[in-house]
Enquirer: 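Encoded as structure tokens, here's the structure I'll be asking about.
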Amino acid sequence: MSGTLLWSGEDSATAEHVIGRALVPALIGQPLVPVAALEARMDRALAGNPFTKAGVSIALWDAYAKALDVPLAVALGGPMRTEVAIKCSLSGNGGRLRAGLARAQESGFRAFKIKIGLDVDSDVERMAELRALVGPDTMIGLDANGGYSRADARRAGERLLEFGPAFFEQPVAPADLVGMRDLRGLGIPVVGDETVFGSEDLMAAIRADALDVVSLYVGKSGGPGRAVTMGRIAHAAGVDIVIGSNGELGVGAAAQLHVACALEALGAIPSDIIGAAYYDSDVVRIGIDTDGVRARLGDAPGLGVVLDDHLSARLRDGSSEQGVR
Ligand SMILES: [Mg+2]
């Protein structure tokens, strides 16, 4: 998975350390079934580190689904759908924004979110420029990555309303559930991303009435099975679901797609199953089927991707730090 030190406190070096030190001793020699028991063993052996655990969990679920000879989405209880709408994340103003949009449109993307949360004036300028570039009918969401104070989030939301934002993701700090709840009054659906890692976070956000939508990650959840469980909790609480991203490469992107297809309910906001579009090369030789508008589920067993052995070895020696969120 694609943890970064800045965002989740994990990277490839911490992952290698804790896998060797804690997870391998906890798992080697254990039966594959039930996978949930192996995930529980990982939790007993290692605190935190959900992205690292998710990486291992994806491998376990992939092996389980392959043993059943079914796609992972089927092993997870689906598929409830075989196509998932996706969008692309953009940042920067002026030339940088236009270049990012042109690249995204070339890759086929037709729905977007912009990164905001640093400076309200510059953020409003970015949204105004993007709206003018894509026209009134294109979906644009906002993602502040928790960067605003409560006052700035309200000021930004009020000024951005005229540009028709589809959602307001993580407007204030992750732990500020009251701030998130109060911003729901603006009339833009509030999405919780950094606020919700695991199911305990989701339950706390639900009790606080803090969210319209939760951004579920395979990485934050600790694995595909747990992401699906969290999706069921969110659905039962009337909270919509979007699949979020930390810029996954081909294996992680496939895990996102299978989870999205296994969920009983997936909200109307296009998901971020896009990591591969951010990189020049990938760890898979055959990845998921995507055209920028949708990602489509195949019928191969497990994740349905084929690793590029040469590239996988090279990336193991110098892992990418790029994050998308
Ligand atoms: Mg986000």
Side-chain angles (χ1 to χ4, degrees), residues 1-10 50-51 54 84-92 97 100 104 109 111-119 123 126-127 130 139-149 152-153 156-157 160 165-177 179-181 183-184 186 188-198 201-202 204-205 210-222 227 230-231 234 239-248 252-253 255-256 259-260 266-278 321-325:
M1 291 306 288
S2 50
T4 62
L5 294 179
L6 176 68
W7 205 80
S8 63
E10 300 166 80
F51 282 79
V84 180
I86 58 176
K87 66 179 180 299
C88 190
S89 181
L90 301 170
S91 51
L97 178 68
F109 286 102
F112 305 97
K113 80 173 174 184
I114 51 168
K115 291 298 187 178
I116 58 170
L118 294 176
D119 173 77
D123 293 343
R126 181 171 313 129
M127 179 61 165
L130 182 59
M139 197 220 76
I140 308 174
L142 312 166
D143 186 359
N145 284 114
Y148 287 137
S149 66
D152 276 353
L160 288 163
F167 60 86
F168 199 173
E169 181 170 331
Q170 202 62 49
V172 293
D176 188 6
L177 297 180
M180 297 279 281
R181 184 195 65 200
L183 287 163
R184 296 180 67 195
L186 282 173
I188 316 171
V190 169
V191 180
D193 181 356
E194 288 90 334
T195 285
V196 178
F197 270 57
D201 299 331
L202 177 59
L211 310 178
D212 295 292
V213 185
V214 63
S215 176
L216 280 186
Y217 291 29
V218 179
K220 288 189 301 183
S221 305
M230 287 177 66
V239 172
D240 271 345
I241 298 160
V242 61
I243 301 293
S245 170
N246 253 153
E248 291 73 11
Q256 290 177 295
V259 165
L266 188 63
I269 298 173
S271 286
D272 299 343
I273 306 174
I274 47 167
Y278 284 86
E321 284 294 309
Q322 186 171 354
V324 177
R325 302 186 290 280

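Note that ligands are numbered from 1 as they come in the structure, with each ligand's atoms numbered from 1 the same way. Values reported hereafter were calculated over all heavy atoms of this structure, with side chains retained and with hydrogens, waters and symmetry mates removed. Note that the structure is a prediction, hence the values are computed from the model and not measured.
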Enquirer: I would like to know whether L160 and I188 meet side-chain contact (heavy atoms from CB on, under 4.5 Å); could you show each step before the answer?
Expert: CA-CA 10 Å; L160 288 163; I188 316 171; 5.6 Å; no

Enquirer: Considering just N/O/S atoms, say which atom of D143 is closest to the Mg ion (ligand 1).
Expert: OD2

Enquirer: Angle class for the F51/Y217 ring planes (parallel below 30°, perpendicular above 60°, tilted otherwise)?
Expert: perpendicular

Enquirer: Say you draw a straight line from CZ of F112 to CG of L130; how long is it, rounded to the nearest 0.5 Å?
Expert: 7.0 Å

Enquirer: For the Mg ion (ligand 1), decide whether E169 has an N, O or S atom at a distance under 2.8 Å.
Expert: yes

Enquirer: Tell me, please, if D193 has any N/O/S atom, main chain or side chain, under 2.8 Å from the Mg ion (ligand 1)?
Expert: yes

Enquirer: Over all heavy atoms of both residues, which pair between P270 and V242 is shortest? Give the atoms and the distance, please.
Expert: O-CG2, 3.4 Å

